[in-house]
*Asks:* 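Would you mind keeping the following structure in view while I ask a few things?
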Amino acid sequence: MKYDFSKTEKKWQAYWQQHESFKTAENADKPKYYVLDMFPYPSGSGLHVGHLEGYTASDITARYKRSCGFNVLHPMGWDAFGLPAEQFAIKTGTHPRITTEQNIKSFKETLQAMGFSYDWTREINTTDPGYFKWTQWIFLRLYEMGLAYMSEVDVNWCEELKTVLANEEVEEKIADGYTVIRRPLRQWVLKITAYAERLIADLDEVNWPENVKQMQRNWIGRSEGVEIDFELRCHKTRLKVYTTRPDTLFGATYLVISPEHQLAEKLATAPQLLAVKEYIRQAKLKTELERTGLQKEKTGVFTGSYAINPATGEPLPVWISDFVLISYGTGAIMSVPAHDQRDWEFAKQYNLPIIEVIKSPHDVEEKVFDEKNSISVNSSNSELSLDGLPFPEAFERMAKWLESKNVGSRKVNYKLRDWIFSRQRYWGEPIPIKHYEDGTLRTETMLPLMLPEVEAYHPSSTGESPLANIAEWLLGNDEHGTFRRETNTMPQWAGSCWYYLRFIDPENREKLIDPAKEEYWMNVDLYIGGAEHAVLHLLYARFWHKVLFDLGVVTTREPFKKLFNQGMILGEDNEKMSKSRGNVIPADHVLERYGADAVRLYEMFLGPLEQVKPWNTNGIEGISRFLAKVWRLVYSGDEDAATSLTCESLSDELLRKMHKTIKKVGEDTENLKFNTAISEMMVFVNELHKAGCRNREAVETLLILLAPYAPHITEELWEAIGHSSSISIAPFPLFLPELVEDSILTIAVQINGKLRGTFTAPAKSPKELLLEEALKVESVIKFLEGKSIIREIIVPDKLVNFAVK
RNA sequence: GCCAAAGUGGCGGAACUGGUAGACGCGCUGGACUCAAAAUCCAGUGGGUGCAAACUCGUGUGGGUUCGAGUCCCACCUUUGGUACCA
């Protein structure tokens with residue numbers, strides 16, 4: 001009988017559903033394991049083979065952990081707010097809810113056809129009022145804690161989308177062909193910077209890829225430095241700059257302030273005023289990207305004013321340049337051209353003096369020297385000398401001196417900015433805030449605050465969201481007076497910041513999560529998803545988690561214990577899959593043709609999970625052949641009945657191979673090295689066939705090892721050989737340590753490190769015996785002829801090497 | 001520019017703490033079965049020389065350490081990911 005994957009897969013998917021095989025039991029008397037996928041945005045274009053890679057990996061882990069005796073939580077849901085459905089609504093008038101529902105239906109069908117063992121009774125959807133009620137609830141807590149505030153900020157405004165973009169989203173949208181400009185707008189902002197220190201520190205306690213941790217550290221960008229007050233020659237005010245190199249103060253030859261700096265115009269002397277005004281006007285017109293993008297020539301203008309270097313007493317000209325960012329530090333810097341690349345370029349551009357204050361291996365007039373591994377020179381005045389000191393000491397001494405003179409103080413700065421949290425869109429969680437006529441703000445008392453139905457999804461003419469057009473929703477009055485509702489909605493990140501918690505207690509109407517359940521299930525043991533979320537999603541989620549920790553809602557400091565980034569699957573042309581390239585392999589297409597088990601196995605067999613690798617449809621045939629070979633272990637003849645398995649004892653060789661396979665597959669599955677686990681199972685199957693072995697123990701062992709990878713065919717065969725319960729509850733086999741080692745080993749004989757022959761010997765043979773045997777090997781004798789042995793290296797159980805002359 | 005990771009057959013990839021490079025799969029070649037094909041099975045498959053036994057060269061490039069290097073060290077080249085004036 002031939003294997004009919006289509007019939008079998010449907011049969012077992014129905015069986016699992018009917019028997020609720022993967023429904024997670026609450027308060028089970030077992031250790032827990034929470035394995036989570038990054039839940040998808042249900043787009044209209046459906047799932048392709050790339051999307052299934054991570055889901056397959058997490059499903060194998062979930063099934064494997066279950067068979068190892070864990071109580072496993074493995075849920076799935078939908079990050080369903082977002083722009084594509086809204087853009088579609090603007091074009092067609094179809095409500096985003098309708099589009100979203102349809103897409104979810106199709107996504108879910110594909111995931112179920114893959115045989116993933118999700119507990120679908122816990123399915124969540126970020127657009128469900130029962131869910132976003134709690135997203136809004138968290139927002140109100142942030143507001144009460146002073147972590148959500150309104151601010152007039154320069155935002156990244158996308159004209160086509162009529163919305164604000166987070167800094168992090170800008171590049172992505174520009175790549176998609178949108179234009180983004182800077183524009184001031186009153187926005188909701190979340191004070192993520194208040195958690196910067198903890199967001200860095202707690203990275204030490206999670207098991208994440210080192211590069212992701214490093215990316216987050218860089219993104220937060222902590223630096224230790226000193227703020228120095230410079231006296232101005234003809235002004236009473238002082239000019240504050242931030243520097244991480246106070247040790248180079250003696251080499252500061254000019255100051256630069258940002259065009260947006262409040263002193264920019266004030267410092268302009270009469271002859272310079274026109275030029276300064278013009279420069280500031282020009283800078284305003286530039287977008288953030290034009291200002292910060294690419295390596296362009298430095299521009300700037302002299303204000304005409306001078307500051308005094310507190311270390312030398314020398315006058316320093318104050319310049320304005322747009323390479324200095326108003327949003328970082330104090331918006332003003334001291335320039336040390338000898339030891340900073342940007343300052344050096346600027347000094348060369350405008351002929352400003354360059355003074356060496358760190359011992360440099362070359363002339364600093366020719367090239368900047370910006371390393372810290374040298375000592376200070378030319379750095380002394382009557383009270384202070386840094387000469388001869390390496391960086392840490394020079395920094396310390398200068399910082400202390402500045403503090404003692406009351407012209408400086410230590411300061412820690414972060415690159416991380418507060419998170420602009422409002423979007424001028426319809427399809428998002430409404431921000432539950434009421435604005436009263438007297439300017440006060442109050443929180444909505446009844447959550448969830450629902451989205452009203454609208455007729456058109458276009459943003460309003462004022463740049464506000466479509467919600468501003470719905471008067472009956474927008475306006476109201478209560479005991480505090482008349483109010484206007486907040487028309488901004490939350491960004492798509494909001495719903496995904498805490499969804500992993502809701503899976504634990506999805507139905508709870510009273511609380512975000514039941515504390516006992518939270519304590520049992522948190523944190524997420526394994527979180528699998530794409531590397532594109534390395535900073536944004538993962539940083540935002542960690543921030544919210546810490547806020548919830550401070551609120552006492554959760555008991556862990558970090559949400560995700562272990563993180564794993566699966567590598568992208570490229571198209572057959574070795575390029576990133578995209579509609580425009582036409583190289584997308586749709587999931588449904590391969591599922592129909594090869595079946596879920598083959599697709600699952602092939603995706604994992606392609607290469608290491610973390611690696612980027614191209615899809616090759618030919619390769620999947622090999623997997624189908626492997627599954628057919630497994631099938632023939634049970635259905636070997638033409639007859640439709642399963643071959644009766646024997647209970648005769650296995651040969652010593654096969655018994656050892658079986659135990660080695662158990663060990664290897666178990667360890668590799670545990671470590672997400674699925675490609676080599678599959679390879680090992682292939683070897684075992686090949687050997688069983690070669691030996692014509694139909695031993696029950698061997699076949700049953702193989703089926704259990706394979707079940708997490710290929711759940712349908714293994715269920716079918718498990719039933720065929722006489723089991724009445726699902727293979728998904730069969731316990732993972734144990735190996736016997738004494739059987740994973742070979743009793744007879746092949747020993748290599750090398751001469752000068754080159755292989756010249758082999759012989760076999762019992763394991764743990766003494767060195768003398770190995771040497772004796774090695775000298776008997778014919779090819780070795782030939783090579784040793786006429787030569788003298790200088791040295792013999794004998795590695796027990798491995799090899800004998802002769803160094804000869 | 002800077003940071004990180006990686007370069008192994010025609011292809012995807014194996015190789016534990018330095019110890020028989022190329023497991024497993026794809027592809028290809030030959031054979032069995034067949035009227036023929038598909039499917040399946042068997043054998044072979046890194047390059048070069050050779051009738052053969054065998055020899056020789058081989059893990060991006062060039063050096064080094066070692067009895068022995070894909071694996072360790074130094075320099076360089078290439079690719080991918082991240083980042084971009086953060087003072």
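Convention: sequence-line order gives letters A, B, ...; per-chain numbering from 1.
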*Asks:* Between A/Asp597 and A/Ile713 (side chain of the first, backbone of the second, donor and acceptor by atom type, cut-off under 3.5 Å), is there such a pair?
*Replies:* yes
*Asks:* My validator wants the stems of RNA chain B: runs of 3 or more consecutive Watson-Crick or G-U pairs, both distances under 3.5 Å, written as range with range.
*Replies:* B:1-7 with B:77-83, B:10-12 with B:24-26, B:27-32 with B:40-45, B:46-49 with B:54-57, B:60-64 with B:72-76
*Asks:* Output the single nucleotide from B/A4, B/A87, B/U40 whose closest atom is nearest the side chain of A/Asn211.
*Replies:* B/A4
*Asks:* Could you run down nucleotides 22-27 of chain B 5' to 3' and tag each one B, S or - for protein heavy-atom contact under 4.0 Å?
*Replies:* -BBSSS
*Asks:* If you check the A/Phe783 side chain, which of B/U20, B/C55, B/A84 turns out closest?
*Replies:* B/C55
*Asks:* For the residue pair A/Glu345 / A/Gln341, report whether a side-chain donor-acceptor contact shorter than 3.5 Å exists.
*Replies:* yes
*Asks:* Taking the C1' atom of each, how far is B/U61 from B/C77, in whole Å?
*Replies:* 7 Å
*Asks:* Calculate the interatomic distance between A/Asn574 atom CG and B/G13 atom P; express it in whole Å.
*Replies:* 9 Å
*Asks:* Take A/Lys613 and A/Ala332, find for each the nucleotide of RNA chain B with the closest heavy atom, and name the residue whose nucleotide sits nearer the 5' end.
*Replies:* A/Lys613
*Asks:* Quickly work out the A/Ile751 CD1 to B/U66 C1' distance and round it to whole Å.
*Replies:* 18 Å
*Asks:* Expressed in whole Å, how much space separates the C1' atoms belonging to B/G9 and B/A5?
*Replies:* 24 Å
*Asks:* If the cut-off is 4.0 Å, is A/Lys213 near the phosphate of B/G82, judged by side-chain N/O to OP1 or OP2?
*Replies:* no
*Asks:* Could you pull out the closest heavy-atom pair between A/Tyr242 and A/Gly225, with the gap in Å?
*Replies:* OH-N, 3.3 Å
*Asks:* Of all the nucleotides listed (B/G82, B/A87, B/G19), which has the minimum atom distance to the side chain of A/Met215?
*Replies:* B/G82
*Asks:* On a whole-Å scale, what distance lies between the C1' atoms belonging to B/U56 and B/G50?
*Replies:* 11 Å
*Asks:* On a whole-Å scale, what distance lies between the P atoms belonging to B/A23 and B/G47?
*Replies:* 13 Å
*Asks:* So which nucleotide from B/C55, B/G19, B/A87 ends up closest to the side chain of A/Tyr328?
*Replies:* B/A87
*Asks:* Assess whether a salt bridge exists between A/Lys613 and A/Glu603, defined as any Lys/Arg side-chain N lying under 4.0 Å from an Asp/Glu carboxylate O.
*Replies:* no
*Asks:* For A/Asn218 and B/A4, give me the distance from atom CG to atom C1', rounded to whole Å.
*Replies:* 10 Å
*Asks:* Under a 4.0 Å N-O cut-off, is there an ion pair linking A/Arg656 with A/Glu738?
*Replies:* no
*Asks:* Looking at the base of B/G19, is there any donor atom on it, or on the side chain of A/Gln750, that sits under 3.5 Å from an acceptor on the other one?
*Replies:* yes
*Asks:* Considering only atom C1', compute the distance from B/C74 to B/G22 and round it to an integer number of Å.
*Replies:* 28 Å
*Asks:* Suppose you measure atom P in B/A21 against the same atom in B/C26; what distance do you get, rounded to whole Å?
*Replies:* 25 Å
*Asks:* CG of A/Asn752 versus P of B/U20: gap in Å, rounded?
*Replies:* 17 Å
*Asks:* If I take atom CD in residue A/Glu778 and atom P in nucleotide B/A53, what distance separates them, rounded to the nearest angstrom?
*Replies:* 15 Å
*Asks:* How close do A/Gly753 and A/Asn801 get, heavy atom to heavy atom, and via which atoms?
*Replies:* N-OD1, 3.2 Å
*Asks:* Rounded to the nearest Å, what distance is computed from the NE2 atom of residue A/His261 to the C1' atom of nucleotide B/A87?
*Replies:* 13 Å
*Asks:* If you compare every side-chain N and O of A/Arg791 against the phosphate oxygens of B/G68 (OP1, OP2), does one of them come in below 4.0 Å?
*Replies:* no
*Asks:* Which pairs count as ring-ring contact (aromatic ring centres under 6.0 Å, His included) when at least one residue sits in residues 602-634 of chain A, sequence neighbours excluded?
*Replies:* A/Tyr3-A/Trp631, A/Tyr602-A/Trp615, A/Trp631-A/Tyr635
*Asks:* Under 4.0 Å, heavy atoms only, any strand: does A/Glu792 hit a base, just the sugar-phosphate, or nothing?
*Replies:* nothing
*Asks:* To the nearest Å, give me how far apart CD (A/Gln611) and P (B/U80) are.
*Replies:* 15 Å
*Asks:* Scan side-chain atoms only and decide if A/Asn686 and A/Lys629 contain a donor-acceptor pair under the 3.5 Å cut-off.
*Replies:* yes
*Asks:* Under a plain distance cut-off of 3.5 Å, with no hydrogens placed, do A/Tyr279 and A/Thr299 share a side-chain donor-acceptor pair?
*Replies:* yes
*Asks:* Taking atom P in both B/A52 and B/G70, what distance in whole Å separates the two?
*Replies:* 29 Å
*Asks:* Apply the side chain to side chain contact (heavy atoms under 4.5 Å, CB included) test between A/Thr760 and each candidate in A/Leu745, A/Ile747, A/Thr746; give the one that qualifies.
*Replies:* A/Thr746
*Asks:* On RNA chain B, does the nearest nucleotide to A/Arg222 precede the nearest nucleotide to A/Ser779 from the 5' side, or the other way round? Give the residue.
*Replies:* A/Ser779
*Asks:* By the 4.0 Å heavy-atom rule, please label A/Thr758 as base, sugar-phosphate, or nothing.
*Replies:* base
*Asks:* Which part of the nucleic acid does A/Ser335 contact within heavy-atom distance under 4.0 Å: base, sugar-phosphate only, or nothing?
*Replies:* nothing
*Asks:* Can you tell me whether the base of B/G47 sits syn or anti, using the 90° cut around 0 to define syn?
*Replies:* anti
*Asks:* Taking atom types as modelled, is there a side-chain donor on A/Tyr350 or A/Ser321 under 3.5 Å from an acceptor on the other?
*Replies:* no
*Asks:* For a quick check of understanding: with a heavy-atom distance under 4.0 Å over all strands, which category does A/Ile793 fall into, base, sugar-phosphate or nothing?
*Replies:* base
*Asks:* Taking the C1' atom of each, how far is B/U59 from B/A14, in whole Å?
*Replies:* 12 Å
*Asks:* For A/Arg217, answer base if it contacts any base atom (sugar-phosphate contacts may also be present), sugar-phosphate if it contacts only those atoms, and nothing otherwise; contact means non-hydrogen atoms under 4.0 Å.
*Replies:* nothing
*Asks:* Looking at A/Lys298 and A/Asp343, is any side-chain nitrogen of the basic one under 4.0 Å from a carboxylate oxygen of the acidic one?
*Replies:* no
*Asks:* If you only use heavy atoms from C-beta on, which nucleotide in B/G13, B/C55, B/A87 is closest to the side chain of A/Pro608?
*Replies:* B/G13
*Asks:* What is the distance, rounded to the nearest whole Å, between atom NZ of A/Lys798 and atom P of B/G19?
*Replies:* 7 Å
